[in-house]
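Shown next, in structure tokens, is the structure this report addresses.
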Amino acid sequence: MPNRWLTTGGPGSSISGMSTVDVPPERLEFLQGTLDVLILRSLQLAPNHAYGISQFLEHQSEHEFVVDNGTLYPALQRLLQRQWISAQWKTSPHARRARYYRLTPLGRRQLISAESRWRRFVEAMGRILAAEA
Amino acid sequence: MREWFSKLRHVFRREDVARGLREELDAHFEIEVRERIAGGEPEQEARAKARRRFGSPALIQDRAMDAWAVGFWDILLQDLRYAARTLWRAPAFTIVALLSLAVGIGASTAIFSLMNALLWKTLPVPEPGRLALVWPHDGTGARQSFSFNHTMFRSFRERSTVFAGVSASWLIDSSNVILDSNGPNAGPVRFGLVSGDYFATLGVQPVLGRTFTMDEDRVPGGSPIAVISYGFWQRKFNAAPDIVGRTLRMNQTVYTIVGVAARDFRGDWPGHPADLWLPLRTCVKPLDQTSRL
């Protein structure tokens, strides 16, 4: 199982396992399941398809996070298996069919608890990093 | 846990999932191309750039399908399918291999079953481990017979302290037996001449009626009774419920059936199943009164 790597800082950083694109990112191991939470969050506002999700993440993070398809799609499959999201084929605004994902109630609950866990984590990190020597 | 169930439910629909994924990837790619074109890129360039950014669809699909793998089971299934295809394409080899296996397995099974029945399987009695076959040995190392003479048997029985019960049996393949004294000819039978405590020593219970008791031994040439085997009852008497009290005629003597032995019991000599048993005493006539324990 490829770990999901997350690099921060600098353009062209990407969330990728083993990349299916030939962009060799710097890698820094982070919390597993981070991508899952990001996907859930991107669906919280409205259902979206895979392309829309990756675009959302890229733009919201101001290009800090670039999601590699080779990581996004497996993550989507796993979320489907856990029934945190559900999928349906619909016609997109471009008048093309696409598979739209939406949060399930279970997924919504997961997102809420993940958000609070994440906040605690960030605060703890902050306290340590800010502590006087 | 939930993931596991999802995977299991989709085990046989893997092809559908794969197909859906291909469609989804196609659609995704097209949407990306359209957006680039809408953003002002010429189509050729848009496609090229999108292709590079998108990644290899085959690889993406592979990764995504990995998420549905159920561990080693998947790999095993793949291997089996591959093996099946390969065998299918080489029919001559496959047929020869299958035949060889069939003959080999068939022969082994047959031989094992035979040996099992004759050598290894225990007698269908309550405590086969406690049984022992005893025969006289005159110490000269010559060819031995399994015979005891009757007086020797009786004193052995009275004086033996080692055995809980001692009984004798002798098997005879006989001429025809007539059912109900006047009824149909049941054909040749094999019967056992046994001492009164035979059934008691072996611990064989009757299914109907009774088996022999020590009383049987006391009356020389006495009331001709017989215990028949379960199989004999089923086959020749059609499992008639009134079997106890019916008669058989063998060699001019009429025997009354007093019981039916337990279901699997066919005597103490594997490979030579007995159809019925008579008390030793009823055949006192045989010349040398030999009996086999």
Side-chain angles (χ1 to χ4, degrees), chain A residues 1-4 12 14-23 33 35-36 48-55 58-59 63 66-101 104 106-107 109-110, chain B residues 1-11 13-39 41 43 46-75:
Chain A
M1 278 307 222
N3 280 328
R4 258 148 290 117
S14 56
I15 304 172
S16 68
M18 283 160 283
S19 181
T20 54
V21 174
D22 46 72
V23 170
L35 179 56
D36 294 348
N48 211 340
H49 46 58
Y51 179 63
I53 293 173
S54 73
Q55 289 296 90
E58 192 172 334
H59 291 141
H63 300 276
V66 172
V67 190
D68 175 47
N69 282 328
T71 321
L72 177 62
Y73 274 92
L76 287 170
Q77 298 301 308
R78 268 193 305 277
L79 290 173
L80 277 172
Q81 285 166 6
R82 288 184 211 141
Q83 293 176 341
W84 290 358
I85 61 180
S86 64
Q88 216 179 355
W89 281 93
K90 285 218 262 266
T91 318
S92 78
H94 295 262
R96 248 212 94 96
R97 278 192 3 122
R99 201 176 184 211
Y100 276 79
Y101 296 93
T104 61
L106 183 59
R109 286 200 293 275
Q110 289 294 326
Chain B
M1 212 10 75
R2 202 179 287 272
E3 285 168 76
W4 261 94
F5 285 129
S6 281
K7 288 187 198 181
L8 281 173
R9 268 184 282 122
H10 285 80
V11 150
R13 296 200 267 145
R14 209 60 80 71
E15 253 315 292
D16 294 337
V17 175
R19 207 179 324 119
L21 213 53
R22 272 196 297 273
E23 284 179 37
E24 188 179 350
L25 288 169
D26 276 343
H28 177 165
F29 184 69
E30 286 304 314
I31 292 177
E32 199 163 330
V33 168
R34 297 259 175 120
E35 290 228 330
R36 285 180 179 268
I37 294 177
E41 290 180 34
E43 170 151 359
R47 279 198 182 269
K49 286 218 177 125
R51 172 62 64 213
R52 211 163 331 119
R53 167 77 184 76
F54 191 82
S56 147
L59 210 49
I60 298 173
Q61 185 179 342
D62 233 21
R63 290 278 148 64
M65 289 311 288
D66 278 348
W68 288 96
V70 196
F72 93 102
W73 206 246
D74 250 355
I75 300 177

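First the proteins, then the strands, lettered A, B, ... as listed; each starts at 1.
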Need one label for B/Q61: side chain, backbone, both or neither, based on atoms under 4.5 Å from any heavy atom in chain A. neither
Measure B/W4 against the heavy atoms of chain A and call it side chain, backbone, both or neither at under 4.5 Å.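 Contact with chain A is absent: no heavy atom of B/W4 under 4.5 Å.
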Atom pair [atom1]/[atom2] of [X] and [Y] - distance to nearest 0.5 Å:
X     : Y     : atom1 : atom2 : answer
A/Y73 : B/I60 : OH    : CD1   : 7.0 Å
A/L80 : B/E3  : CG    : CD    : 11.0 Å
B/E23 : A/R97 : CD    : CZ    : 6.5 Å
A/D68 : B/R63 : CG    : CZ    : 8.5 Å

Please classify the contact between A/L106 and chain B as side chain, backbone, both or neither, with a heavy-atom cut-off of under 4.5 Å.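 The side chain, not the backbone.
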Report the C-alpha separation of B/H28 and A/H49 in whole Å, then their side-chain angles, then the decisive distance to 0.1 Å, and conclude whether the side-chain contact (heavy atoms from CB on, under 4.5 Å) test is met. CA-CA 8 Å; B/H28 177 165; A/H49 46 58; over 6 Å; no
Of all heavy-atom pairs between A/W89 and B/A27, which one has the smallest distance, and what is that distance? CZ3-CB, 4.4 Å
Which pair of heavy atoms, one from A/V67 and one from B/R53, lies closest together, and at what distance?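 Looks like O-NH2, 3.7 Å.
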Counting heavy-atom pairs closer than 4.5 Å to chain A, which one of B/M65, B/E30, B/H10, B/R9 comes out on top?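 Looking at each of B/M65, B/E30, B/H10, B/R9 in turn, B/E30 comes out on top.
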Donor-acceptor pair, A/Q81 side chain versus B/A67 backbone, under 3.5 Å?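 A pair under 3.5 Å: yes.
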